[in-house]
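Because only heavy atoms are used, hydrogens play no part in the values below, and waters and symmetry mates are left out as well, while side chains stay in.
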Amino acid sequence: MISYEPFWKYCKENKISQYRLNNEYGITNYQLDMLRNNKPISLKTLEKICKAMNLKVEEVVEIK
C-alpha cells in the first residue's frame, strides 16, 4: 500500500499549512487530495514536491 504519511508528518512537524503548500510550493489542491487519500501520483508530481520542498523521495512516500 502506498502511504504519504512521511509527507504529512514532515508538514506537521514544520508547521506547513495547505495554504503554504499551494502558494509557496505550487502543490495543487488536486495533488494534495491525492496525497491525503493515499492515491497514486505521477513521478512528475513526486519530483515537483521533492524539488520544491527540498525533500528526498522517502520523505514523501513509503510502501507499507
Please identify each residue that fulfils side chain to side chain contact (heavy atoms under 4.5 Å, CB included) with [X], with sequence neighbours left out.
X     : answer
Lys15 : none
Lys64 : Ser3, Glu5, Glu62
Asn23 : Tyr19

Query - Pairs touching residues 26-40 that satisfy salt bridge (Lys or Arg N to Asp or Glu O under 4.0 Å), sequence neighbours left out - result: none
Query - Selection residues 21-30 - residue pairs positive for salt bridge (Lys or Arg N to Asp or Glu O under 4.0 Å), sequence neighbours left out - result: Arg20-Glu24
Query - ILVMFWY cluster membership beyond Val61 - transitive side-chain contacts under 4.5 angstrom - result: Ile2, Tyr4, Phe7, Trp8, Tyr10, Ile16, Leu21, Tyr25, Ile27, Tyr30, Leu32, Met34, Leu35, Ile41, Leu43, Leu46, Ile49, Met53, Leu55, Val57, Val60, Ile63
Query raised in the report: Any side-chain heavy-atom pair from Lys48 and Lys44 closer than 4.5 angstrom?
Result: no
